[in-house]
Amino acid sequence: MKKIVLTLAALMCAATMMAQEKLLQWDQLMDRNLYPKREAVSFIFAPDGKTVTYYKGSELYGFDGKKEFKLSDKQQDWRKPANNDPKLEERVDIKEGNLYVDGKLVERGDGYNIVLGESVHRNEFGINGGLFWSPKASRLAFYRMDQSMVVDYPLVNTKAREAEVRNIKYPMAGMKSHEVTVGVWDVAAEKLVYLNTRKDTTVHEREMYLTNIAWSPDEKYVFVAKINREQNHMWLEQYDAATGDFVKVLFEETDPRYVEPCEPMIFTPKGDQFLWYSMRDGYKHLYLYNLDGSLVKQVTKGEYEVEGFIQFDKKGENIFIYANKNNLDGRDAYRVNLKNGTMECLTNYNSAEGTHTVVINDEGTRMVDYFSAVDNPGEVNYVININKPANHRDYNIYRAENPLKDYAMPGIELGTIKAADGKTDLYYRLITPPNMEKGKKYPTLVYVYGGPHSQLVTDSWLGGGNLYFMFLAQQGYVVFTVDNRGTDNRGFEFESCTHRHLGEIEMADQMEGVKFLKSLPYVDQDRMGVEGWSFGGFMTITMKLAHPEVFKVGCAGGPVIDWKWYEIMYGERYMDTPQENPEGYEANSLLNKAQNLEGRLLVIQGAEDNTVVPQHSTEFIEHCINNFKQVDYFVYPHHEHNVLGRERLHLYKKMFDYYETHLK
């Protein structure tokens with residue numbers, strides 16, 4: 001079993017240990033001064049490819065591998081982009097739902113039924129915006145979303161003198177979805193065309209997902225990854241930007257469970273080939289294609305995930321990527337040769353394990369590496385000769401001071417246990433109270449998320465934990481988290497094995513974590529609780545109702561209760577529709593299990609939650625009432641899915657007080 005243990009001795013010298021009995025207070029849990037301070041930020045290499053520039057406070061500095069110096073006024077021009085055109089985002093304006101470019105009306109909308117230039121498909125498939133400029137900014141592609149056919153969902157604003165209804169468009173699983181098209185505006189010709197993305201006028205075609213918009217380097221073509229509503233078939237399609245006409249399908253991908261492209265194609269510097277992310281071999285890797293859609297080669301291979309593309313080198317012979325090849329709970333930067341596939345880790349110098357973020361010069365010879373690890377609050381190193389690992393040299397720009405050096409530090413352990421299948425490794429984080437007394441047993445909290453696109457346990461500062469967990473440990477709680485099957489960065493089978501039955505495999509793996517906890521002499525098996533938010537709220541109530549003999553207390557925020565009330569894009573990917581999978585929806589509906597509630601359960605809900613709408617929790621409360629089960633319910637009246645701002649401190653205090661009353 002892999003195990004990394006963080007102790008007081010590993011972090012601080014003996015001379016400071018006397019000062020470590022200081023404890024965090026709940027009203028400090030959002031204090032930025034207690035998170036690692038980044039003394040230098042916004043790294044950009046100068047045109048010479050040797051000097052890296054960065055901000056320290058409001059001042060600009062440079063470092064050339066020998067010395068740090070303050071930039072002169074002339075040297076500050078190094079950071080200015082070569083293209084001095086106005087920022088592209090300033091050329092676009094959306095007023096009263098209408099789209100304007102350079103002050104000219106391009107298309108009419110209303111911002112509600114017809115939405116222009118904004119993110120669509122509820123931000124799934126990696127979509128985080130709705131405007132796509134061509135490389136030379138001569139054309140603008142944009143999303144047009146027609147959601148007039150989607151039922152209005154009412155949320156209530158109680159701030160008004162008389163409470164007001166605030167309707168949102170919320171397409172629920174199995175119901176009518178919105179319809180999206182892509183427009184292209186020619187700036188010089190002042191001409192608008194729409195891509196002909198539909199083969200016919202059927203609902204099936206109109207509800208296709210249009211994702212991962214990309215421009216060809218010559219600006220002649222727009223590429224769209226089109227996905228059917230069932231989300232098991234993807235077509236990478238090419239369109240004429242001048243006419244909107246369909247040109248061809250470059251290639252297709254299918255999977256019986258689902259396909260989920262989240263990144264657009266990445267063109268090589270010559271523009272004659274492109275890279276594409278795919279999980280077709282079971283892991284997220286990069287593939288090299290010709291522009292006609294013919295596959296050249298699979299670039300990366302192995303039982304690991306490519307977690308991000310950084311850049312090409314100047315000649316276009318190598319790519320730089322992030323991957324978890326050698327550290328499944330961390331992240332390293334690699335150089336990969338496109339011709340022979342040779343892969344070299346760039347961030348393993350001086351045994352610098354952890355989670356890395358790098359900035360590399362155009363030549364691919366030097367980099368700045370920011371990283372943290374479970375026992376390292378963060379540091380930045382300048383590394384030269386990264387193209388010649390045997391001759392590389394590194395220089396430290398700064399090391400962050402441990403912001404918790406004056407506080408009693410909990411123990412933090414990262415390790416692995418086996419999943420419920422008996423063979424798959426699961427990564428866990430175990431936080432224990434400082435200065436534990438021999439023979440004493442401590443109340444234990446399982447913090448869970450467990451859903452897709454998540455990884456809570458990481459080889460980063462505090463193991464990916466936060467001050468709330470540190471505070472709980474200082475107050476005498478053991479806090480445990482395990483990334484079950486169904487979470488991210490471990491391959492397609494690991495992620496998708498939960499398909500059509502959300503909550504079942506996840507819970508089985510979480511209970512293996514509980515089994516591990518029960519083997520520890522300091523865990524009080526009679527005082528165990530579970531906490532989570534969103535998908536984690538769903539998991540919290542799932543586990544509490546299925547194992548009332550294990551979990552004395554549960555705290556669930558914004559919980560999914562019945563997947564039929566969740567939105568189409570996410571819900572149907574992982575559960576199919578209620579019509580296609582009635583057994584799965586029925587089996588995992590928590591409404592059907594309210595009668596199993598024992599012990600204490602606190603459900604927390606944002607009254608204006610537009611992600612997991614309040615209908616989930618209120619109907620669960622109704623089922624508890626109908627079954628004469630007592631449940632605690634707390635509402636944040638003007639918050640959406642997350643409780644943010646100062647009110648988050650209130651949330652921390654609310655949950656802590658609940659544990660103090662019912663668990664400790």
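- Residues N324 and N489 come closest through the heavy atom pair ND2-O, 3.0 Å.
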Worksheet entry | Intermediate values then yes/no, side-chain contact (heavy atoms from CB on, under 4.5 Å), I127 and V120 | CA-CA 7 Å; I127 299 171; V120 301; 4.1 Å; yes
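- The closest donor-acceptor contact from the side chain of T53 to the backbone of I44 lies under 3.5 Å.
- Side-chain contact between F494 and T487 is present, with at least one heavy-atom pair separated by less than 4.5 Å.
- Residues L140 and S134 have side chains not in contact (no heavy-atom distance under 4.5 Å, counting atoms from C-beta outward).
- Under the 3.5 Å distance criterion, the side-chain polar atoms of S372 are left unmatched by any main-chain donor or acceptor of S460.
- Within a 6.0 Å sphere centred on CD of E363, heavy atoms belonging to other residues, nucleotides or ligands number more than 12.
- Nearest heavy-atom pair across L467 and L24 is O-CD1, 4.0 Å.
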Item to complete: Any chance you could lay out the side-chain contact (heavy atoms from CB on, under 4.5 Å) test for R139 and W215, step after step, and finish with the verdict?
Response: CA-CA 10 Å; R139 291 188 171 103; W215 281 94; 3.5 Å; yes
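- Under a cut-off of 6.0 angstrom, the local environment of NZ in K56 is crowded, with over 12 non-hydrogen atoms contributed by other residues, nucleotides or ligands.
- Using a distance-only test at 3.5 Å, with no hydrogens or angles considered, a donor-acceptor pair links the side chain of N396 to the main chain of Y398.
- Heavy atoms only, all atoms of each residue included: F471 and Q25 are closest at CE1-C, 4.0 Å.
- A distance of 6.0 Å or more separates the ring centres of Y239 and Y221.
- The heavy-atom pair separating V306 from H285 by the smallest distance is CG2-ND1, 3.9 Å.
- Counting heavy atoms from C-beta outward, L71 and Y61 have side chains that stay 4.5 Å or more apart.
- Taking the six-membered ring where the residue is Trp, the centroids of F251 and Y289 are separated by under 6.0 Å.
- Nearest approach of I431 to M470, heavy atoms of both residues: CD1-CE, 3.5 Å.
- Residues F492 and Y283 place their aromatic rings such that the two centres sit no closer than 6.0 Å.
- When atom types are taken as modelled, the side chain of E305 and the backbone of E307 share no donor-acceptor pair closer than 3.5 angstrom.
- When ring centroids are compared, Y143 and F132 come within the 6.0 Å threshold.
- The main-chain N or O of T51 is found under 3.5 Å from a side-chain atom of D48 such that the two form a donor-acceptor pair.
- The 12-atom threshold is exceeded at NZ of K297, counting heavy atoms of other residues, nucleotides or ligands nearer than 6.0 Å.
- Side-chain atoms of D369 and Y349 form a donor-acceptor pair, as typed in the model, at a separation below 3.5 Å.
- Closest non-hydrogen pair, R429 versus L456, comes out as NH1-O, 2.8 Å.
- A salt bridge links R91 with D102; the closest basic N to acidic carboxylate O contact falls under 4.0 Å.
- A donor-acceptor distance shorter than 3.5 angstrom exists from the side chain of D186 to the backbone of A189, with no hydrogens or angles considered.
- Contact check for Y209 versus F125: side-chain heavy atoms found under the 4.5 Å cut-off.
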Item to complete: Determine, stepwise, if the pair L430 / Y428 fulfils side-chain contact (heavy atoms from CB on, under 4.5 Å).
Response: CA-CA 7 Å; L430 180 66; Y428 71 79; 4.0 Å; yes
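- Side chain of N361 to main chain of F45: no donor-acceptor pair is present (N/O by atom type, distance under 3.5 Å, no hydrogens or angles).
- Y449 has its side chain out of reach of H453: every pair of non-hydrogen atoms, C-beta onward, lies at least 4.5 Å apart.
- Of the inter-residue distances, the one linking E260 atom CD with Y277 atom OH reads 14.0 Å to the nearest 0.5 angstrom.
- Under the 3.5 Å distance criterion, the side-chain polar atoms of N484 are matched with a main-chain donor or acceptor of G450.
- Salt bridge present: E59 and K70 bring a charged side-chain N and a carboxylate O closer than 4.0 Å.
- Between S534 and H641, the closest side-chain pair of non-hydrogen atoms falls below 4.5 Å.
- Salt bridge status for E317 with R335: absent, with no side-chain N to carboxylate O gap under 4.0 Å.
- A donor-acceptor pair under 3.5 Å is formed between the side chain of T268 and the backbone N or O of Q273.
- Counting heavy atoms from C-beta on, the side chains of N290 and D272 never come closer than 4.5 Å.
- Not a single donor-acceptor pair under 3.5 Å links the side chain of T347 to the backbone N or O of H356.
- R366 forms no cation-pi arrangement with Y382, by the criterion of a distance under 6.0 Å to the ring centre and an angle within 45° of the ring axis.
- The pair K67-D64 meets the salt-bridge criterion, with a side-chain N (NZ, NE, NH1 or NH2) lying under 4.0 Å from an Asp/Glu carboxylate O.
- Within the structure, every pair that satisfies the ring pair (Phe, Tyr, Trp, His ring centres under 6.0 Å) test and touches residues 310-329, not counting sequence neighbours, is listed here: F309-F312.
- Here the options are L275, I213, L250, N212, the test is side-chain contact (heavy atoms from CB on, under 4.5 Å), and the partner is M265; only L250 passes.
- Residue-environment remark: CD (E401) stays at or below the threshold of 12 foreign heavy atoms within 6.0 Å.
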Practice prompt. Please lay out, stage by stage, how E344 and K388 fare under the test salt bridge (charged side-chain N to carboxylate O under 4.0 Å, His left out).
Written response: CA-CA 10 Å; E344 296 174 288; K388 300 175 182 178; over 6 Å; no
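- Side-chain contact check for R490 versus Y427: some heavy-atom pair is nearer than 4.5 Å.
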